Amino acid sequence: MEERKDAEHFLGLIKKSRKGKFKLYIGMSAGVGKTYRMLQEAHMLLHSRVDIKIGYIETHNRKETHALLDGIPLIPRRKLFYKGKELEELDVQAVINIHPEIVIIDELAHSNIEGSVNAKRWQDIIDILDAGISVISAVNIQHIESLHDEIKNITGVDVQERIPDSVLGLADEVVNIDLTAEELINRLKDGKIYDAAKIEMALANFFNSDHILQLRELALKEVASQVQRKVETEVIHHKYMKKEQFLACVSSNEKTATIVIRKTARLANYYNSKWFVLYVQTPKESVSKIALDKQRHLINNFKLATELGAEIIKVNHSKIATAIIEQCEAKQITTVCIGKPHLGLIKIIWATNTFNKLLTKLSNEKIDLIILS
C-alpha cells in the first residue's frame, strides 16, 4: 500500500509540470534492491494505465529482478562498435522520439562509450527531462562526487564513476532503499548479488560489515539532507531569516584544497545554499613563479568545484586574510571554510597576527569559521 501511494505521489508531480520529473533511488551498495523497486513501481504505474517504458535496465542476471521485466515495454538500446566489440547504450534520441510519459533509466553514474553525444548518463537524463519526459533512475552512495574521499577512507576503493551533487539536487523525489548489514550480507552469500567466484572478494571490500554500516549511515544522511532541501525550497521563509552562504578558501595545495571543496559542497548542499571557492594568488604564486604542476592542480580543483555547484573567485592580493574579509563583505558570506593549517611552529607564530585579524573581523561580522581536516 505504501509503495502504491509512493508511485501515485510521483505521478501527481508529473502532471503539475511540462518538464519531466526526476525520481531517484539511492542505495548504500549494489544488491540492496534499487532496480527491483524501480520495476515494481513500473508495474504499479502500468496497472494505472500510465505510459511507462524501460530505456535502460541492468538486472545483473538476478532472477527475481529479471522476472519483473516481463510485461514492461522496452525501448531498444543503441548498438555501436568500440574496440572491436559490439556494445549497447541508452538510445537517448529514441526515448525522446517515442516520448513515453515516464522512462526507467538505470545506472545513473555510468560513463558512456567514447563517441556518444554525452560523456555521462546523467547528462543523457537531463536531455530527456528537458524534453518533457519523466525519469526514474538509481545510484549507489559511493558514486556521489563530494563523498569520494569518505568512501575511499571507508572502503579503500577509489570509485572512478561519479556524479556531481547538483544532479541529486535536480531530483524531485529521492528514495533510500535500505537493508540491514546482516540482510545484505545474507543476500550476497546466497548468490543473489554476485556470482560465487566474486563473493569472497566482495565480503572483504564493500560488503565488510563495518563498511556497510558506515555506507548505510551516509545513504540515510544523504536522503535526509535532500528531503530537508526540498522542504526549504518549497516553504516560504520569513524575510528576516538568515540565508547561509559559504566561502571555501583554497590554496595551491592540491590535497587540502580538494578536501575543503568536497566538504564545503556537502555543507552547502545540506543547507541548500549558494557557495563560492576563493583562491588568493599572492605575489610568490604569480603566473611566472608558480610551478606548472601546482597550476594544473588548481585548474583541476576549480573544475571540481564548478561541477559541485560553486562559483569560483580568483583574486590577486598580497594579504590573504584581507582578501578573505573583502570577499565576505562582497558576497555576504555567513560561513568561511578553510583547511587545517600545515605549518611549523615558527610559521604559526609569524602568522598569528594575520590569523587573529581574520578571526576578529569574522567575529565582529558574525561570520562562522570552520576548519576542515
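Side-chain atoms are counted along with the backbone in the values below, which use heavy atoms only and exclude waters and symmetry mates. Since the model is a prediction, treat every value here as computed from it, not as a measurement.
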Quiz item: Okay, side chain of Ser48, backbone of Met44: is any donor-acceptor separation there less than 3.5 Å?
Solution: yes
Quiz item: Do Val139 and Val167 come within less than 4.5 Å of each other through their side chains, counting heavy atoms only?
Solution: no
Self-check item: Residue pairs passing the ring-ring contact (aromatic ring centres under 6.0 Å, His included) test where at least one lies in residues 173-202, sequence neighbours excluded
Solution: Tyr194-Phe207
Quiz prompt | Stepwise side-chain contact (heavy atoms from CB on, under 4.5 Å) check, Asp210 with Ile154 | solution = CA-CA 9 Å; Asp210 184 51; Ile154 292 169; over 6 Å; no
Quiz item: Below 4.0 angstrom, N of the basic side chain to O of the carboxylate: do Arg266 and Asp165 qualify?
Solution: yes
Self-check item: Asn269 side chain vs Ala265 backbone, donor-acceptor pair below 3.5 Å
Solution: no
Quiz item: Transitive ILVMFWY cluster of Leu87 at side-chain heavy atoms under 4.5 Å: who else is in it?
Solution: Leu80, Tyr82, Ile113
Quiz item: Do Met201 and Ile193 share a hydrophobic cluster, counting only Ile, Leu, Val, Met, Phe, Trp and Tyr and linking them when any side-chain heavy atoms are less than 4.5 Å apart?
Solution: no
Quiz item: How many angstroms lie between CG in Asp190 and CD1 in Ile185, if you round to the nearest 0.5 Å?
Solution: 12.0 Å
Quiz item: Under 4.0 Å between a Lys/Arg side-chain N and an Asp/Glu carboxylate O for Lys361 and Glu365?
Solution: yes
Quiz item: Can Ser146 and Arg262 be counted as having a side-chain donor-acceptor contact under 3.5 angstrom?
Solution: no
Quiz item: With side chains defined as the heavy atoms from C-beta onward, is the minimum distance between Leu218 and Gln214 less than 4.5 Å?
Solution: no
Quiz item: Taking it one step at a time, do His317 and Gln281 satisfy side chain to side chain donor-acceptor pair (under 3.5 Å)?
Solution: CA-CA 6 Å; His317 211 294; Gln281 188 173 59; over 6 Å; no
Quiz item: Which value, rounded to the nearest 0.5 Å, describes the distance between Ile52 atom CD1 and Ile136 atom CD1?
Solution: 4.5 Å
Practice problem: Spell out, as yes or no, whether a donor-acceptor pair under 3.5 Å connects the side chain of Glu145 to the backbone of Leu308. | Solution: no
Quiz item: Is the number of heavy atoms from other residues, nucleotides or ligands within 6.0 Å of CD (Glu114) greater than 12?
Solution: no
Quiz item: Taking all atoms of both residues into account, what is the closest heavy-atom pair of Tyr36 and Glu64, and its distance?
Solution: CE1-O, 3.7 Å
Practice problem: May I ask you to decide if Asp368's main-chain N or O and Thr335's side chain share a donor-acceptor pair within less than 3.5 Å? | Solution: no
Self-check item: Heavy-atom side-chain contact between Leu168 and Glu222 under 4.5 Å
Solution: yes
Quiz item: Checking Ser134 side chain against Phe22 main chain: does a donor-acceptor pair fall under 3.5 Å?
Solution: no
Quiz item: Shortest non-hydrogen contact from Gly33 to Ile177?
Solution: C-CG2, 4.0 Å
Quiz item: Which atom names give the shortest non-hydrogen contact between Lys294 and Ser252, and what distance separates them?
Solution: CD-OG, 3.7 Å
Practice problem: Answer yes when Glu41 and Lys23 have at least one side-chain N-carboxylate O distance shorter than 4.0 Å, and no when they do not. | Solution: yes
Self-check item: Donor-acceptor pair between Ser166 and Glu307 side chains, under 3.5 angstrom
Solution: no
Quiz item: Just checking, any donor-acceptor pair under 3.5 angstrom between side chains of Gln93 and Asn97?
Solution: yes
Quiz prompt | Chi angles and distances behind the side-chain contact (heavy atoms from CB on, under 4.5 Å) call for Ile212, Leu179 | solution = CA-CA 10 Å; Ile212 291 171; Leu179 286 179; over 6 Å; no
Quiz item: Have Asp124 and Asn112 got a donor and an acceptor in their side chains that come within less than 3.5 Å?
Solution: yes
Quiz item: With the 4.5 Å side-chain cut-off for hydrophobic clustering, are Leu213 and Val157 part of the same group?
Solution: no
Quiz item: Got a second to check how far His66's NE2 is from Leu39's CG, nearest 0.5 Å?
Solution: 10.5 Å
Quiz prompt | Derivation and outcome, side chain to side chain donor-acceptor pair (under 3.5 Å), residues Tyr279 and Glu285 | solution = CA-CA 11 Å; Tyr279 168 62; Glu285 287 196 346; 2.6 Å; yes
Quiz prompt | Under 3.5 Å: donor-acceptor pair, side chain of Arg49, backbone of Leu46 | solution = no
Quiz item: Below 4.0 angstrom, N of the basic side chain to O of the carboxylate: do Arg78 and Glu88 qualify?
Solution: no
Quiz item: Quick one: do the Gln245 and Thr334 side chains pair a donor with an acceptor below 3.5 Å?
Solution: no
Exercise. Please determine, by modelled atom types, if Lys34 and Asn140 share a side-chain donor-acceptor pair under 3.5 angstrom.
Key: yes
Quiz item: Could you state the interatomic distance from OG (Ser137) to CD1 (Ile125), rounded to the nearest 0.5 Å?
Solution: 4.0 Å
Quiz item: In Å, rounded to the nearest 0.5 Å, how long is the span from NZ of Lys303 to CD1 of Ile312?
Solution: 13.0 Å
Quiz item: For His99, does the NE2 atom sit with more than 12 other heavy atoms under 6.0 Å from it, leaving out its own atoms?
Solution: yes
Quiz item: Is there a side-chain contact between Ile259 and Ile261 (heavy atoms, below 4.5 Å)?
Solution: no
Quiz item: Would Lys274 and Glu311 pass as an ion pair if we require N to O under 4.0 Å?
Solution: yes
Exercise. Taking only Lys NZ, Arg NE, NH1 and NH2, and the carboxylate oxygens of Asp or Glu, determine whether Arg77 and Asp91 approach each other closer than 4.0 Å.
Key: no
Exercise. Using the side-chain contact (heavy atoms from CB on, under 4.5 Å) rule, take Ile102 and Val50 through it: C-alpha gap first, then chi angles, then the decisive distance, then the call.
Key: CA-CA 8 Å; Ile102 308 173; Val50 175; 3.8 Å; yes
Exercise. Check Glu89, Lys120, His143 against His110 for a side chain to side chain donor-acceptor pair (under 3.5 Å) and give me the one that passes.
Key: Glu89
Quiz item: CD of Gln327 to CG of Leu247: how many Å apart, nearest 0.5 Å?
Solution: 7.0 Å
Exercise. Grab the two heavy atoms, one from Pro100 and one from Ile133, that are nearest each other, plus how far apart they are.
Key: O-CG2, 3.4 Å
Self-check item: Passing candidate, side chain to side chain donor-acceptor pair (under 3.5 Å) with Thr258, options Asn300, Asn301, Asp149
Solution: Asn301
Exercise. Using the salt bridge (Lys or Arg N to Asp or Glu O under 4.0 Å) rule, collect all pairs that involve residues 176-189, keeping only residues at least two apart or in two chains.
Key: Asp178-Arg216
Quiz item: Any sub-3.5 Å donor-acceptor pair from Gln160's side-chain atoms to Asp158's backbone N or O?
Solution: yes
Quiz item: Side chains of Ile26 and Val175: closer than 4.5 Å at any heavy-atom pair?
Solution: no
Quiz item: If two hydrophobic side chains count as joined below 4.5 Å and joins carry through other members, does Tyr25 share a cluster with Leu220?
Solution: no
Self-check item: Val260 to Ala248 - nearest heavy-atom pair and separation
Solution: CG1-CB, 3.8 Å
Quiz item: Taking atom CG of Asn61 as the centre, does the number of heavy atoms from other residues, nucleotides or ligands within less than 6.0 Å exceed 12?
Solution: no
Exercise. Verify, without hydrogens or angle tests, whether Thr306 (side chain) and Leu304 (backbone) share a donor-acceptor contact under 3.5 angstrom.
Key: no
Practice problem: Mark yes when over 12 heavy atoms from residues, nucleotides or ligands other than Gln332 sit less than 6.0 Å from its CD; otherwise mark no. | Solution: no
Practice problem: For residues Leu298 and Ser251, report the shortest heavy-atom separation together with the two atoms involved. | Solution: CD2-O, 3.7 Å
Exercise. Start with the C-alpha distance between Lys221 and Glu217, add both sets of side-chain angles, then the distance that settles side-chain contact (heavy atoms from CB on, under 4.5 Å), and finish with yes or no.
Key: CA-CA 6 Å; Lys221 283 181 177 179; Glu217 181 182 10; 3.3 Å; yes
